[in-house]
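What you see is a predicted model; the values in this text were computed from it and never measured. Numbering of ligands and ligand atoms starts at 1, following listing order. Computed over heavy atoms, backbone and side chain alike; hydrogens, waters and symmetry mates excluded.
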Amino acid sequence: MKRRYSRLRGTGGYLPPRRVTNQDLVAELAQRGVETSHDWIVERTGIHARHFAAPEVATSDLAVTAAKAALQAASMRAADIDLIIVATSTPDMVFPSTAAIVQHKLGIAGCPAFDVQAVCTGFIYAIAVADSMIASGAANRALVIGAEIFSRLLDFNDRGTCVLFGDGAGAVVLEASDEPGILATDLHANGEYVDILCVPGHVAGGQISGRPLLEMEGRAVFKLAVGVLGETAQAVLAKAEVDASDLDWLVPHQANIRIMQATARKLHLPMEKVVVTVHEHGNTSAASVPLALDCAVRAGDVKPGQLVLLEGVGGGFTWGSALLRM
Ligand code: UT7
């Protein structure tokens with residue numbers, strides 16, 4: 001029997017309009033007595049600016065705007081979609097899922113809609129799940145979204161984390177096809193590392209219990225990230241029997257330019273083949289990979305027929321990759 005593949009039919013992205021430069025953030029933090037500088041942020045991370053959502057905006061709003069752009073690029077209507085997966089760690093509410101809210105805001109009903117929570121690896125997890133459902137025949141046209149308002153989790157007294165993250169959403173439409181498509185995916189988690197990147201709070205008895213702000217041991221995360229990104233890249237390439245030298249593009253999680261450079265070095269890829277948006281987006285967690293992919297597609301860099309490796313890493317610890325023919 002012929003294999004059913006998932007083909008990428010369209011991409012979309014959305015950044016909330018408020019662009020916060022390093023200079024803006026340095027000035028804002030100085031008022032709190034928190035010392036940082038544009039030079040430190042650029043040198044250690046590559047970030048120049050990020051976008052922050054307005055208080056009245058919900059993660060589902062960002063997701064819907066990105067989803068509509070992806071649908072338009074795919075020349076499809078929302079009614080054509082029969083599966084919605086939203087990767088997010090900043091859902092609109094505890095429940096129901098942001099995906100169910102997105103479905104309603106898109107004016108459709110009935111198809112399965114659920115969230116995936118794998119922090120910054122969320123979009124890779126979501127695309128792997130959608131690919132499996134399409135391959136099995138459970139879905140034909142999937143909307144896969146990464147959307148985050150990470151600014152609401154940031155402790156603006158912690159200079160080691162608050163300068164790193166931003167808000168945004170990215171989306172893709174996948175459709176069943178005889179032609180590849182997603183060639184292979186590779187997912188991992190290791191809960192041993194829960195504490196090095198977490199938001200250690202929850203709701204109990206109508207109160208917030210614990211500390212609902214992002215905490216990170218930056219150096220430990222950095223070291224682990226470089227190691228596992230190299231491993232998952234090799235694993236997914238081996239599954240598809242493809243050599244790294246055949247890759248047209250690497251679209252890595254946009255956390256830190258130095259992590260991306262280290263990953264590219266391990267794969268012997270020149271930085272010209274790496275899609276980089278961290279300078280303008282910061283780390284948008286589950287939104288970072290689909291946002292970067294959308295930027296590269298719309299810029300005309302990533303083209304039909306090209307071989308693209310998507311990679312994510314984040315809290316959990318989670319990591320994974322997806323290899324696709326555009
Ligand atoms: O999305 C999930 C994945 N997340 C990541 O991949 C993040 C991984 N980690 C990183 O990207 C880096 O570890 C950071 C960018 C978070 C930090 O860079 P680093 O080179 O590892 O710096 P560090 O944490 O070792 O800190 C070096 C120094 C420290 O000062 P001392 O102890 O050497 O005097 C920090 O206090 O830099 C200081 N520092 C800052 N200085 C100015 C930390 N944050 C800042 C800041 N501005 N914003």
Side-chain angles (χ1 to χ4, degrees), residues 20-50 87-90 117-125 146-151 153-168 170 188-190 193-199 213-230 232 251-264 266 274 276-279 281-292 310-321:
V20 179
T21 64
N22 287 344
Q23 287 81 359
D24 296 333
L25 199 55
V26 168
E28 221 173 278
L29 293 177
Q31 289 181 358
R32 295 167 172 264
V34 175
E35 200 186 313
T36 184
S37 68
H38 169 73
D39 290 348
W40 189 96
I41 300 169
V42 171
E43 190 193 314
R44 301 295 176 114
T45 72
I47 298 168
H48 288 244
R50 73 288 292 144
T88 187
S89 298
T90 50
Q117 218 286 35
V119 203
C120 303
T121 321
F123 182 77
I124 305 295
Y125 268 64
E148 301 279 17
I149 304 188
F150 247 59
S151 58
L153 298 177
L154 299 178
D155 176 356
F156 285 95
N157 292 310
D158 176 9
R159 67 179 183 172
T161 56
C162 71
V163 300
L164 306 175
F165 295 89
D167 305 335
H188 300 274
N190 185 348
Y193 298 108
V194 163
D195 294 337
I196 64 168
L197 178 50
C198 58
V199 177
L213 292 172
L214 187 143
E215 295 180 357
M216 180 169 74
E217 288 176 36
R219 274 185 217 184
V221 170
F222 189 102
K223 211 169 145 216
L224 262 171
V226 171
V228 298
L229 286 172
T232 186
V251 186
H253 173 45
Q254 306 287 316
N256 187 319
I257 188 70
R258 293 185 293 139
I259 296 176
M260 291 184 249
Q261 287 162 342
T263 308
K266 283 191 173 189
V274 182
V276 176
T277 53
V278 71
H279 55 295
H281 298 177
N283 179 347
T284 58
S285 187
S288 96
V289 170
L291 253 175
L310 313 178
E311 277 199 306
V313 61
F317 219 61
T318 55
W319 64 101
S321 50

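- No side-chain donor from either of Ser288 and Gln254 sits under 3.5 Å from a side-chain acceptor of the other.
- Aromatic ring orientation, His188 versus Trp319: parallel (interplanar angle below 30°, classes split at 30° and 60°).
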Before you tell me yes or no, could you show the steps for Glu311 and Thr232 under side chain to side chain contact (heavy atoms under 4.5 Å, CB included), namely the whole-Å CA-CA distance, both residues' side-chain angles and the distance that decides it to 0.1 Å? CA-CA 8 Å; Glu311 277 199 306; Thr232 186; 3.5 Å; yes
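- A distance-only check finds a donor-acceptor pair linking the side chain of Arg159 to the backbone of Glu35 [under 3.5 Å].
- Which parts of ligand 1 touch Ala255 is read off a 4.0 Å heavy-atom cut-off, strictly below it: atoms 5 (C), 6 (O).
- The protein heavy atom nearest to atom 35 (C) of ligand 1 is Arg159 NH2, 4.0 Å.
- Here the side chain of Thr121 pairs no donor or acceptor atom with the backbone of Ile124 at under 3.5 angstrom.
- For atom 17 (C) of ligand 1, the nearest non-hydrogen atom of the protein is Trp40 CH2, 3.9 Å.
- Under 4.0 angstrom from ligand 1, there are no non-hydrogen atoms of Val119.
- With a heavy-atom cut-off of 4.0 Å, Ala225 does not touch ligand 1 at all.
- With hydrogens and angles disregarded, no donor-acceptor distance shorter than 3.5 Å links the side chain of Thr45 to the backbone of Asn256.
- The backbone N or O of Gly166 sits nowhere less than 3.5 Å from a side-chain atom of Ser151 that would complete a donor-acceptor pair.
- In terms of modelled atom types and a separation under 3.5 Å, the side chain of Glu148 and the main chain of Ser89 share a donor-acceptor contact.
- In this structure, the protein non-hydrogen atom closest to atom 4 (N) of ligand 1 is Val221 CG1, 3.5 Å.
- The protein heavy-atom contact nearest to atom 14 (C) of ligand 1 is Asn256 ND2, 4.5 Å.
- When heavy-atom distances to ligand 1 are checked against a 4.0 Å cut-off, Ile259 comes that close only through its side chain, counted from C-beta outward.
- Taking only nitrogen or oxygen atoms, main chain and side chain alike, Gly218 reaches within less than 3.5 Å of ligand 1.
- In Leu164, the part holding a heavy atom less than 4.0 Å from any atom of ligand 1 is the side chain.
- The heavy atom nearest to atom 46 (C) of ligand 1, out of those in Thr36, Val226, Leu229, is found in Thr36.
- Neither side chain, Asn283 nor Arg50, offers a donor N or O lying under 3.5 Å from an acceptor on the other.
- Looking at Ser37 next to ligand 1, no N or O pair under 3.5 Å apart turns up.
- Ranking protein heavy atoms by distance to atom 18 (O) of ligand 1, first place goes to Arg258 NH2, 3.6 Å.
- When hydrogens are left out, the protein atom nearest atom 23 (P) of ligand 1 is Arg219 NE, 3.7 Å; that is the closest non-hydrogen contact.
- Arg44 NH1, 3.3 Å is the protein heavy atom nearest to atom 22 (O) of ligand 1.
- Per-residue contacts place Val163 under 4.0 angstrom from the following atoms of ligand 1 (heavy atoms of the residue considered): 48 (N).
- Backbone and side-chain nitrogen or oxygen atoms of Thr45 are examined, and none is located within less than 3.5 angstrom of a nitrogen or oxygen of ligand 1.
- When every heavy atom of His253 is checked against every heavy atom of Gly312, the shortest pair comes out as CB-CA, 3.9 Å.
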